[in-house]
Protein chains: 2
Amino acid sequence: MTEPHPLPARFPVTVDVVALTVRDGALNVLLITRLIDPFRGQLALPGGFVLAGEELLTAAGRELAEETGVGRLPGHLEQLGSYGPKGRDPRGDVLTVAHLLLAPDFPVLAAGSDAAHAAWYPVRQVMNGEVRLAFDHERILSDALERAKSKLEYSPLGAAFCGLEFTIAQLRAVYEAVWGTRLDPRNFHRKATGTPDFLEDTGRMTAGDAGRPAALYRLAEAARPAAGQPARAVLNPPLMRPRD
Amino acid sequence: MTEPHPLPARFPVTVDVVALTVRDGALNVLLITRLIDPFRGQLALPGGFVLAGEELLTAAGRELAEETGVGRLPGHLEQLGSYGPKGRDPRGDVLTVAHLLLAPDFPVLAAGSDAAHAAWYPVRQVMNGEVRLAFDHERILSDALERAKSKLEYSPLGAAFCGLEFTIAQLRAVYEAVWGTRLDPRNFHRKATGTPDFLEDTGRMTAGDAGRPAALYRLAEAARPAAGQPARAVLNPPLMRPRD
DNA sequence: GTATTTATCGTCACCTTGACAATAAGTCGG
DNA sequence: CCGACTTATTGTCAAGGTGACGATAAATAC
């Protein structure tokens with residue numbers, strides 16, 4: 001915070017959002033098809049310019065809402081990190097602050113804005129090169145995935161992918177999709193229900209599905225996002241992903 | 001990354017650095033005394049404007065070097081997060097990208113630049129209100145401390161506070177200073193030397209200090225920062241700080 | 001009703017951790 | 001040089017957590 005001798009530059013600042021969800025057991029990311037240059041016709045992360053007087057997180061939420069046509073954003077939104085400003089946009093130096101949304105599956109209006117239209121894509125298709133992203137968005141997605149994976153280990157945020165109430169199996173499906181591994185249902189059940197300040201039994205059960213009905217849980221009070229505060233409680237000891 | 005209807009704003013972008021080190025068993029942070037307004041005479045994090053065509057990490061390193069008079073920066077520098085742009089600088093909206101440096105104790109030239117002069121301060125003095133920081137730097141410091149604490153748990157970065165070679169006791173002193181707890185020397189020794197891909201025995205020993213000489217270790221090959229790559233190896237299982 | 005599916009509870013061996021005893025190998029003060 | 005002291009390092013042991021997997025419970029599917 002010292003004044004420069006050299007000329008300070010002003011940069012256009014954008015916010016981008018890596019919105020992740022689990023659909024049909026697979027991790028999906030929300031992408032927009034760019035309708036304008038640069039990268040017209042290519043897929044990219046949703047995002048846009050920060051407006052004067054706007055906070056970063058607010059801007060990220062606003063852009064995502066605009067481009068998906070969603071009213072109130074579900075899930076958990078947090079800052080991921082900043083990229084640039086050098087050499088990431090052919091139009092010039094642009095700084096972007098990437099964000100991460102972990103959310104239950106929600107429907108997107110394909111024609112959310114006249115500049116882009118949004119849809120969910122399996123993350124696997126991006127990672128294996130089947131789908132290419134504009135700008136440096138593949139790198140951002142890759143960082144977001146690593147962040148999401150590690151968040152599940154030590155925070156209760158896996159539940160952000162579920163609705164308000166969910167079964168242990170649904171939560172396990174989230175972990176399996178994000179980590180890309182299978183987990184033993186019995187051991188996961190033990191850990192999830194045995195970890196203090198994580199889950200709370202609602203007393204209700206599922207019905208209608210195949211197999212034995214499952215108990216419905218919700219996030220424990222201590223694990224829910226307090227107003228304005230960061231996510232507080234941690235999983236201790238953590239629920240580590242298998243490393244081989 | 002969608003074009004805006006509303007006017008995109010251009011923001012001045014600064015980089016700030018929370019440089020942490022351990023001196024005399026206490027965690028210290030590098031602060032500069034502001035010689036100009038705003039906040040003239042107050043303490044603040046070192047930092048400054050990002051120049052055109054400059055990367056964030058580069059800018060952070062450059063500013064820190066300028067304000068401390070240090071040639072090559074020691075330790076580990078990483079991005080912490082971005083703050084703003086709203087309401088954090090009386091002169092107007094400024095976005096800042098905060099960084100975190102974990103480094104061995106290094107001497108700073110008090111008169112590093114004509115805009116500020118730098119010195120190490122015990123973190124405790126800031127946290128207990130004995131020393132106040134300008135801008136929103138207390139919040140940034142607080143986020144940096146939490147990041148540092150958690151980094152020690154699952155990454156080998158505690159060693160970034162030490163020199164190239166260090167004893168287990170020196171490393172333990174780092175953990176104790178950052179976490180603000182005492183650790184059992186015998187259990188810490190077992191964990192540090194027993195964790196794969198963490199430490200490497202140099203075969204050499206300390207001499208001259210009180211007590212039995214200690215073996216000197218260095219970071220294991222796998223735990224050292226590969227060129228351009230993020231810090232790779234993790235402590236698995238992690239070395240969790242005591243929670244009470 | 002029987003097979004199938006999914007949920008949940010238990011068991012057991014192994015590993016890690018926290019608490020703490022014991023020993024090793026220097027310096028320090030005389 | 002000696003005993004006192006300091007710090008490093010090796011062990012021991014019990015408690016807790018985890019992975020592998022058996023067994024049972026309670027639905028749906030045929």
Side-chain angles (χ1 to χ4, degrees), chain A residues 24-25 152-154 158 162 165-177 179 181-218 234-244, chain B residues 24-25 152-154 158 162 165-177 179 181-218 234-244:
Chain A
D24 310 314
L152 293 205
E153 293 188 327
Y154 58 85
C162 304
E165 300 190 352
F166 47 88
T167 67
I168 302 291
Q170 285 164 4
L171 185 61
R172 175 166 47 86
V174 166
Y175 276 78
E176 293 182 332
W179 286 350
T181 58
R182 311 301 326 241
L183 298 173
D184 184 286
R186 298 159 290 189
N187 292 338
F188 184 85
H189 189 280
R190 177 180 58 194
K191 178 70 177 175
T193 57
T195 299
D197 294 329
F198 186 20
L199 300 183
E200 212 169 65
D201 198 331
T202 65
R204 291 196 291 152
M205 311 281 289
T206 57
D209 306 322
R212 174 176 169 178
L216 284 167
Y217 292 83
R218 71 170 83 84
V234 289
L235 267 40
N236 187 15
L239 206 174
M240 301 292 283
R241 66 187 121 153
R243 325 233 177 194
D244 304 327
Chain B
D24 309 314
L152 293 206
E153 294 187 328
Y154 57 86
C162 303
E165 300 191 353
F166 48 88
T167 67
I168 303 290
Q170 285 165 5
L171 185 61
R172 175 165 48 85
V174 166
Y175 276 77
E176 293 182 331
W179 286 348
T181 59
R182 311 302 323 245
L183 299 173
D184 184 287
R186 298 159 291 189
N187 291 338
F188 184 85
H189 188 280
R190 177 182 56 195
K191 177 71 176 176
T193 56
T195 299
D197 294 328
F198 185 21
L199 300 183
E200 214 168 65
D201 197 331
T202 65
R204 291 195 291 152
M205 312 281 286
T206 58
D209 306 321
R212 175 175 168 179
L216 284 167
Y217 292 83
R218 70 170 83 83
V234 288
L235 267 39
N236 187 15
L239 205 173
M240 301 291 284
R241 65 187 121 155
R243 324 232 180 198
D244 304 326

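Bear in mind the structure is a predicted one, so any value in this text is a computation, not a measurement.
Here C:dT16 presents its P atom at 13 Å from CG of B:L235, a figure rounded to the nearest Å. A:M240 has its CE atom 17 Å from the C1' atom of D:dG16, to the nearest Å. Between the P atom of C:dA7 and the CG atom of A:D184 lies a distance of 13 Å, rounded to the nearest Å. Rounded to an integer number of Å, the gap from CZ of A:R182 to P of D:dA20 is 14 Å. Distance, B:R243 CZ to C:dG18 C1': 17 Å, rounded to whole Å. The CG atom of A:L239 sits 20 Å away from the P atom of D:dG16 (whole-angstrom rounding). B:N187 places its CG atom 15 Å from the P atom of D:dC13, with the value rounded to the nearest Å. To the nearest angstrom, C1' of C:dA7 lies 16 Å from CG of A:L183.
For C:dT16, the OP1/OP2 oxygens have no side-chain nitrogen or oxygen of B:K191 closer than 4.0 Å.
A donor and an acceptor atom never sit less than 3.5 Å apart when one is taken from the side chain of A:D209 and the other from the base of D:dA27. Within 3.5 Å, a donor on the side chain of A:R190 pairs with an acceptor on the base of D:dG19, or the reverse.
Listed here is the closest heavy atom pair of A:L239 and A:F188: CD1-CE1, 3.9 Å.
With B:T202 contributing its side chain and B:L216 its backbone, the two residues share a donor-acceptor pair below 3.5 Å. A donor-acceptor pair under 3.5 Å is absent between the side-chain atoms of A:Y175 and the main chain of A:G158, judged by distance alone. The backbone N or O of A:R241 sits less than 3.5 Å from a side-chain atom of A:E153, completing a donor-acceptor pair.
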Give the intermediate values and the outcome of side-chain contact (heavy atoms from CB on, under 4.5 Å) for residues A:T181 and A:L183.
CA-CA 6 Å; A:T181 58; A:L183 298 173; 4.0 Å; yes
Would you tabulate the pairs of protein nitrogen or oxygen atoms and nucleotide nitrogen or oxygen atoms of nucleotides 7-9 of chain D closer than 3.5 angstrom?
from	atom 1	to	atom 2	distance (Å)
D:dT7	O2	B:R212	N	3.2
D:dA8	N3	B:R212	NH1	3.2
D:dT9	OP1	B:A215	N	2.7
D:dT9	OP2	B:H189	NE2	3.3

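Here B:E176 contributes atom CD and B:L171 contributes atom CG; the two are 10.0 Å apart, rounded to the nearest 0.5 Å.
Between A:R172 and A:P185 the shortest side-chain heavy-atom distance falls below 4.5 Å.
Toward the 5' end of DNA chain C, the nearer of the two residues B:A207 and B:P242, judged by each one's closest nucleotide, is B:P242.
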